[in-house]
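Please read the structure below before turning to the comments.
Computed from a predicted structure; not experimentally measured. Chain A is the first sequence line, chain B the second, and so forth, proteins listed ahead of strands; every chain is numbered from 1.
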2 protein chains.
Amino acid sequence: MSDAPDQPSLGPLPGYIGYNLRRAQAASFRHLDAVTPGIDLSPGQFSLLTFLEANPDASQTAITRAFGIDKSTLSPVLDGFSRRGLITRKRAAHDRRTNALRLTAAGLALLARMRARVEAQEALMAAVLEPGEQERLLDMLQRVTDALETDRTAAAAE
Amino acid sequence: MSDAPDQPSLGPLPGYIGYNLRRAQAASFRHLDAVTPGIDLSPGQFSLLTFLEANPDASQTAITRAFGIDKSTLSPVLDGFSRRGLITRKRAAHDRRTNALRLTAAGLALLARMRARVEAQEALMAAVLEPGEQERLLDMLQRVTDALETDRTAAAAE
DNA sequence: TATTGTTATACTCTATAACTATA
DNA sequence: TATAGTTATAGAGTATAACAATA
């Protein structure tokens, strides 16, 4: 007890939106990992499977466009899905350069299990928001994301 | 133009808080990286330097507690700071196991430059929020983070 | 020539485990 | 014995560049 050496200060960090976004995102990630033993899907992988459910026969390029990731990032992830029997990759007839991706029955089943956990986490978050706040939160996050992306791409164009 | 093959759907993802947190955080990270050429500090590294400014002579363990990272994650980051002349690490007199960390003048200067960019990014985000919304956003993020951490640690305790 | 996808490679962030030195 | 810090190592997530196949 002699040992509590002044509460350390975080300085201006707690007042930053960016810092709090990072903390919330990290908490969401860790929480989901903790409540999904035996599922072994990251949030990003869950997003990919969700996309494939909504867009059967999507190409890999369609995925990279939807999520803003590089094709070289995606390939090995899909290798893993394929090895685990969660998806099939077939050469598309109309353009034999592209892969037509599909969830297997096992992929759909795992996605359903994961979605239940994700939605339980969403419920947990919603439970600490007042009526109407959740919609406001989503809307604000959307606006903030758009503002940052717009400015970044404008800055990149000099 | 014959080529727009139906808008792909993201399914339920855009309705999830978690998905939007991830997107916003990633946008913040990328944006900051784009507007800080020549500074070479990640958001996490900026947090560390900010902490050291607010807590001179802090120990490494104090930092790991404040940010929830492992000591083995921190050591190499501090090696980098030290090599770049941003901090000093001295053995503490009162307990020679612990390091007393301090920003150098160069560290303070780089931190000040980075903080200006961070606060410009904050202003960009604030600009798309209505009066009062920023405080609401910070408060909601805080509540959500707390709810997730509480549930995760409760679940971990069986 | 341009596009789709794969692979080699590398960098960052994170952790666990084994270690040294101090307490 | 317990704690502070370092180091070896590994795994996830990301990217760039070079490549093969196809358009």
Side-chain angles (χ1 to χ4, degrees), chain A residues 2-5 22-23 25-30 32-34 36 39-48 57-84 87-101 156, chain B residues 2-5 22-23 25-30 32-34 36 39-48 57-84 87-101 156:
Chain A
S2 68
D3 218 15
R22 234 157 50 81
R23 289 226 318 150
Q25 192 272 330
S28 160
F29 194 108
R30 281 176 189 244
L32 199 56
D33 187 62
T36 53
I39 292 190
D40 194 31
L41 287 178
S42 69
Q45 292 174 347
F46 169 70
S47 296
L48 292 180
D57 290 327
S59 72
Q60 296 183 197
T61 294
I63 298 177
T64 65
R65 274 193 299 254
F67 292 108
I69 60 178
D70 194 82
K71 57 190 179 168
S72 69
T73 301
L74 182 59
S75 273
V77 179
L78 297 180
D79 289 347
F81 287 167
S82 191
R83 185 169 27 76
R84 294 165 69 184
I87 65 166
T88 57
R89 270 199 276 204
K90 288 209 195 111
R91 239 57 224 209
H94 63 91
D95 181 343
R96 302 211 337 278
R97 291 172 305 182
T98 77
N99 284 336
L101 305 171
Chain B
S2 69
D3 217 17
R22 232 157 53 80
R23 291 227 317 149
Q25 192 272 330
S28 160
F29 194 109
R30 282 175 189 245
L32 199 58
D33 188 60
T36 53
I39 292 190
D40 194 33
L41 287 178
S42 70
Q45 292 173 347
F46 169 70
S47 297
L48 293 180
D57 291 327
S59 72
Q60 296 184 197
T61 294
I63 296 177
T64 65
R65 274 193 300 254
F67 293 107
I69 61 177
D70 193 83
K71 57 190 180 168
S72 69
T73 300
L74 182 60
S75 274
V77 179
L78 297 180
D79 288 348
F81 287 167
S82 191
R83 184 168 29 74
R84 295 165 69 185
I87 65 165
T88 57
R89 271 200 276 204
K90 288 210 194 111
R91 239 56 226 208
H94 63 90
D95 181 343
R96 303 213 334 280
R97 293 171 305 183
T98 76
N99 285 336
L101 305 171

Subject >> d(CG, Leu78(B); P, dT12(C)) in whole Å >> reply: 16 Å
**OP:** Start with the C-alpha distance between Ile63(B) and Leu101(B), add both sets of side-chain angles, then the distance that settles side chain to side chain contact (heavy atoms under 4.5 Å, CB included), and finish with yes or no.
**Re:** CA-CA 10 Å; Ile63(B) 296 177; Leu101(B) 305 171; 3.5 Å; yes
Subject >> Residue met sooner reading DNA chain D from 5', once Asp40(A) and Arg30(B) are mapped to nucleotides >> reply: Asp40(A)
Subject >> Asp95(A): partners by side chain to side chain donor-acceptor pair (under 3.5 Å), with sequence neighbours left out >> reply: Arg97(A)
**OP:** Encode nucleotides 16-23 of chain C as B, S and - characters from 5' to 3', where the letter depends on protein heavy atoms closer than 4.0 Å: B to the base, S only to sugar-phosphate, - to neither.
**Re:** BB----BS
Subject >> Test ring pair (Phe, Tyr, Trp, His ring centres under 6.0 Å) applied to Phe67(A) - qualifying residues, sequence neighbours left out >> reply: Phe51(A)
Original post:
Under the side chain to side chain donor-acceptor pair (under 3.5 Å) test, which residues partner Ser72(A), sequence neighbours left out?
Top reply: Asp70(A)
Original post:
Could you state the CG-C1' distance from Leu74(B) to dA4(D), rounded to the nearest angstrom?
Top reply: 11 Å
Original post:
Tell me: CG of Asn99(A) to P of dT22(D), nearest whole Å?
Top reply: 12 Å
Original post:
The side chain of Ile69(B) lies closest to which of these nucleotides: dG5(D), dA15(C), dG5(C)?
Top reply: dA15(C)
Subject >> Contact under 4.0 Å: Thr98(B) side-chain N or O vs dA4(D) OP1/OP2 >> reply: no
**OP:** Measure from CG on Asp79(B) to P on dG5(D) and round the result to the nearest Å.
**Re:** 13 Å
Subject >> Separation between CG of Leu74(A) and CZ of Phe81(A), rounded to the nearest 0.5 Å >> reply: 8.5 Å
**OP:** Give a yes/no answer on whether the side chain of Ser75(B) brings an N or O atom under 4.0 Å of OP1 or OP2 in dT7(D).
**Re:** no
**OP:** For Thr61(B), answer base if it contacts any base atom (sugar-phosphate contacts may also be present), sugar-phosphate if it contacts only those atoms, and nothing otherwise; contact means non-hydrogen atoms under 4.0 Å.
**Re:** sugar-phosphate
Subject >> Partners meeting salt bridge (charged side-chain N to carboxylate O under 4.0 Å, His left out) with Asp33(A) (sequence neighbours left out) >> reply: none
**OP:** Please list, chain by chain and in numerical order, all residues satisfying side chain to side chain donor-acceptor pair (under 3.5 Å) with Ser42(A), sequence neighbours excluded.
**Re:** none
Original post:
With sequence neighbours excluded, what pairs up with Gln60(B) under the side chain to side chain donor-acceptor pair (under 3.5 Å) test?
Top reply: Arg89(B), Asn99(B)
Subject >> Residue whose nearest DNA chain C nucleotide is more 5′ - Arg22(A) or Gln60(A) >> reply: Gln60(A)
**OP:** Grab the CZ-C1' distance between Phe67(B) and dC13(C) for me, whole Å please.
**Re:** 15 Å
**OP:** Indicate whether OP1 or OP2 belonging to dT12(C) is found under 4.0 Å from a side-chain N or O atom of Gln45(B).
**Re:** no
Original post:
Is the shortest side-chain N/O distance from Arg89(B) to OP1 or OP2 of dA4(D) below 4.0 Å?
Top reply: no
**OP:** Applying side-chain contact (heavy atoms from CB on, under 4.5 Å), name anything that partners Ser59(B), two or more places apart in sequence or on another chain.
**Re:** Thr61(B), Ala62(B), Thr98(B)
Subject >> End-to-end axis angle, where each axis spans five pairs of the helix from dT1(C)-dA23(D) to dA23(C)-dT1(D), to 10° >> reply: 10°
Original post:
Once you round it to whole Å, what is the distance between P of dC11(C) and CG of Asp33(B)?
Top reply: 16 Å
**OP:** Could you check how far CZ of Arg65(A) sits from P of dG5(C), rounded to whole Å?
**Re:** 9 Å
**OP:** For the residue pair Val77(A) and Ile69(A), establish whether any side-chain heavy-atom pair is separated by less than 4.5 Å.
**Re:** no
Original post:
How close or far is atom C1' of dG5(D) from atom CD1 of Ile63(B), stated in whole angstroms?
Top reply: 12 Å
